[in-house]
Amino acid sequence: MSKLVLRRVDRNNEEMLINFGPQHPSTHGVLNFLVETDGEVMRRAIPDIGYLHRSLEKIGEMVGYPGYMPYTDRIDYLAAMFANEGYAIAVEKLIKVEVPKRAQYLRAISCELNRIASHLVSVGTMATDIGAVTPLVYALRERELINDLLEALCGARLTYNYHRIGGVAFDMPAGWQEKVIAYLDRFDSSVQEWDRLITFNEIYKKRLGGVAVVSREQAIDYGLSGPNLRGSGVDWDLRRDAPYGAYPDFQFDIPVGRGWAGKVGDCFDRYYVRVQEMAQSSRIVRQALEKMPEGEITAKVPRKVKPEAGEVQSRIESARGEMAYYLVSDGTERAYRVRARTGSYMAMGIIEDISPGLMVADLVALIASLDVVAPETDR
Amino acid sequence: MTQFSFAFPKPGTKKLIVGASLGAVLAIPALLASLLVFVIPMVHKPLFDAFIREKLGHDPATWIGTQWTYALAFFVAGIVMFTFAAITGGIFSWYERRVAARMQSRIGPNRVGAGGFLQWIADAVKLLFKEDLVPGEADALIFRAAPYFVVAGMTLVLVALPAGQAIVVADLDVGIFYILAVTSFIVVGIILSGWSSNSKWSLFGAIRATAQIISYEIPAGLAIMVPVLMAGTLSTQGLIKAQGGWPWEWFFFRNPAAAVAFFILFISQLAEGNRTPFDLAEAESELVAGYFSEYSGFRFALYFLVEWANLWIIGAFATTLFLGGWQIPGVTTQTWAAVRGSGSFPAWGWWALQFVSLGVFALKTLFLVNVVIWIRWTLPRIRIDQMMTLCWKYLVPAGFAAMLFTLLWQMVATWVPVVERVTALLVLAATVYVTWRFLVQTRKNVSLIAHERVDLTNW
């Protein structure tokens with residue numbers, strides 16, 4: 001653990017200091033928390049990040065613009081499509097390329113399928129962290145089928161490398177459309193199954209309701225985004241409020257936390273917003289398949305991407321909140337600076353201030369409800 | 001879409017392996033049952049005296065070897081009970097994983113033997129060969145000794161726990177108190193293991209487990225008072241003999257408070273056995289593994305042995321107290337006496353009836369074991385403050401209320417005996433109705449999901 005974090009620990013008190021992680025089953029990757037506890041009640045949980053740092057931003061400055069695309073997969077391996085899309089949009093802005101309509105639709109479909117897959121892992125691990133092991137297996141079963149679909153689309157099950165600067169890599173294979181529709185028919189009732197299986201379980205609601213409440217103001221102040229922000233009752237979604245790609249063409253609702261099991265902004269709200277978002281993603285995919293235009297899947301992009309000097313920013317709504325890329329070009333084939341803003345990193349920041357007074361079991365629920373994923377935090 | 005096959009046995013399994021596994025499935029329980037039926041009754045005084053007199057040719061009252069033989073007989077009975085606990089625990093470990101897999105739409109263990117039946121033996125052998133590691137900072141002596149306290153707590157219970165009409169090692173006058181007392185050995189073992197591991201997570205788990213087990217002994221004790229008051233005895237066999245074979249003769253149905261007490265006891269037992277939703281002590285998502293985090297090899301296996309053997313104890317204890325124990329419907333005390341005959345050794349019919357009583361007892365117990373397993377793979381875990389709230393604010397008052405109601409009820413039932421029979425039928429009808437509603441609702445829930453179906457074939 002870093003000396004920076006250790007220095008912040010108060011050694012002169014009576015509380016027990018526990019290392020929660022980095023090899024701990026519910027830290028979702030290699031995260032570490034220094035937990036000061038007084039028995040079961042926490043005094044503080046200090047996040048210590050960096051165990052999965054792979055210098056991905058620096059790598060972006062060392063490889064060319066198109067060559068960085070596979071690396072973006074590794075920023076968030078549970079939702080690689082979004083990292084792809086955010087980077088692609090940023091570079092397209094830099095070299096001023098218009099993406100064909102069909103490619104935009106394919107991007108929306110792949111991203112929304114990926115959002116479902118990512119949320120399935122999130123809500124599944126949430127249930128496991130609360131102690132119910134069975135729902136995770138059901139979630140993974142549904143996710144496997146999405147992986148099958150995405151594998152048919154782009155050849156990979158986890159790190160897709162599907163989006164390209166100016167479009168996407170492949171068109172839909174023959175018969176893929178029907179497979180997706182068949183899957184969504186199945187999936188829509190899966191959401192109901194999920195509610196029956198775990199969501200409205202009395203113990204589950206008691207464990208999550210009213211726990212680790214993040215108020216509306218706090219959520220905005222700490223820069224939370226995505227389902228974490230909406231769980232606190234803020235109606236904000238980039239797909240609607242700062243539309244990009246094909247999203248203006250689709251009808252969908254934005255689920256917002258309503259305090260279903262206690263207070264607005266508790267763990268249950270963040271969890272249930274995700275469950276409802278999966279159903280909305282399914283709606284978007286259906287509309288996109290229905291309205292799918294004909295045409296090219298990539299714009300004409302020069303083989304050597306060599307933008308003019310300048311800087312640019314892109315924002316998209318990822319499964320884990322707002323994902324932003326900030327690129328600075330110095331007129332060469334390589335970016336001068338690549339910066340990725342991710343949802344998990346911001347979510348990690350709030351844990352220390354929410355944790356006092358929570359119990360150790362609640363810390364697990366809080367981490368799971370914020371859907372913190374280590375690679376996205378560390379990059 | 002991927003289709004998983006649950007076919008049993010898997011196509012392509014060698015006939016020898018299928019035969020051996022099926023043989024083991026049948027032979028192991030049969031062997032255990034025979035051991036229980038033919039060995040345990042021999043330690044009872046009339047049979048033991050008859051054995052000394054007729055087979056060894058001594059007068060049991062004067063022969064110098066009587067006490068030694070008696071000690072030896074008890075030793076053998078102890079070994080039989082321990083073997084029984086160990087092997088049922090092992091089989092439960094396989095069974096629970098199969099059920100869990102079935103509930104989670106997975107396959108489960110299916111490599112060792114047909115249907116994976118021999119998995120538990122493979123696990124045990126593997127764990128025996130692992131290094132028995134003691135952490136450098138641990139208190140080695142206590143660390144090594146702690147698992148034996150836990151095992152002792154589990155095995156000593158089996159002494160007074162019946163499994164059939166004559167299948168109980170010692171029918172103590174204070175059997176229930178004895179069971180409650182020796183169960184506390186487990187707490188000693190847990191706190192020792194947590195403390196001596198010198199790991200904060202282990203200590204956390206140990207303190208949680210201790211607080212939990214000690215708290216839940218109070219509602220359990222209060223719930224146990226209800227059948228004890230109804231039977232007027234603390235002997236486990238006496239409690240069963242006060243009930244009858246038919247459901248309306250069970251304590252569970254005879255008195256509404258007893259039905260409540262059954263649920264209090266069952267919940268308390270889940271908590272004392274560290275089963276979900278009360279598995280806080282070994283909560284793997286919070287404490288990694290709780291008090292046995294640092295254990296490995298044989299000692300680790302002992303903890304798991306106790307956990308699964310406890311399943312039988314949970315079921316058997318509740319069956320004894322509330323569900324009529326080994327009582328066979330239609331078989332009364334007179335029938336038992338008539339079947340036994342007047343010889344110094346019982347007739348063959350009596351031994352056969354022992355098997356039937358063991359079967360009845362095992363059936364009820366295994367049903368409860370199944371319920372415990374279903375609950376484990378269904379429910380989330382509750383938090384420690386909720387666990388304490390449930391115990392002290394709800395179960396303890398409810399236990400007291402059930403006890404007081406039972407005292408009142410006993411008076412009413414003595415004045416007007418027909419009241420007891422009427423209530424029994426009413427509670428029975430209510431139980432049947434609730435069960436039926438449960439099944440209907442389950443079917444409905446399944447039918448609402450497009451890709452799910454009720455399928456009991458294809459094991």
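Numbered from 1 within each chain, the chains take letters A, B, ... in sequence-line order.
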Query raised in the report: So do A:Ile130 and B:Arg381 actually touch side chain to side chain, heavy atoms under 4.5 Å?
Result: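 Result no, sub-4.5 Å side-chain heavy-atom pair not found.
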Report task. Could you check if a side-chain atom of B:Gln104 sits within less than 4.5 angstrom of a side-chain atom of A:Val133, using non-hydrogen atoms only? Result ->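 Contact flag for B:Gln104/A:Val133 side chains = yes.
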Query raised in the report: Rounded to the nearest 0.5 Å, how far does OH of A:Tyr138 lie from CE of B:Met103?
Result: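 Taking CE in B:Met103 and OH in A:Tyr138, the distance rounds to 7.0 Å.
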Region of [X] in contact with chain B, defined by heavy-atom distances below 4.5 Å:
X: A:Thr125; answer: neither
X: A:Leu136; answer: neither
X: A:Val211; answer: side chain
X: A:Arg196; answer: side chain

Query raised in the report: Is A:Glu40 salt-bridged to B:Arg208, cutoff N-O under 4.0 Å?
Result: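 Result for this pair is yes, salt bridge flagged.
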Query raised in the report: After noting the C-alpha distance and the side-chain angles of B:Leu379 and A:Tyr204, does the key distance pass the side-chain contact (heavy atoms from CB on, under 4.5 Å) rule?
Result: CA-CA 8 Å; B:Leu379 291 183; A:Tyr204 197 64; over 6 Å; no
Requested in this report: May I ask you to name which of B:Leu203, B:Ile207, B:Thr378, B:Asp385 has the most heavy-atom pairs under 4.5 Å with chain A?
Outcome: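 Of the options given, most contacts go to B:Asp385.
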Query - Least distance between heavy atoms, B:Ile384 atom then A:Met359 atom - result: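 Heavy-atom minimum between the residues: CG2-CE, 3.9 Å.
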Query raised in the report: Any donor and acceptor pair, going by atom type alone, linking the side chain of A:Lys206 with main-chain N or O of B:Ile382 inside 3.5 Å?
Result: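 A pair under 3.5 Å: no.
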Query raised in the report: Which is it for A:Arg207 and B:Gln386 under the side-chain contact (heavy atoms from CB on, under 4.5 Å) test, yes or no, and what are the steps along the way?
Result: CA-CA 9 Å; A:Arg207 274 298 304 278; B:Gln386 294 167 341; 3.5 Å; yes
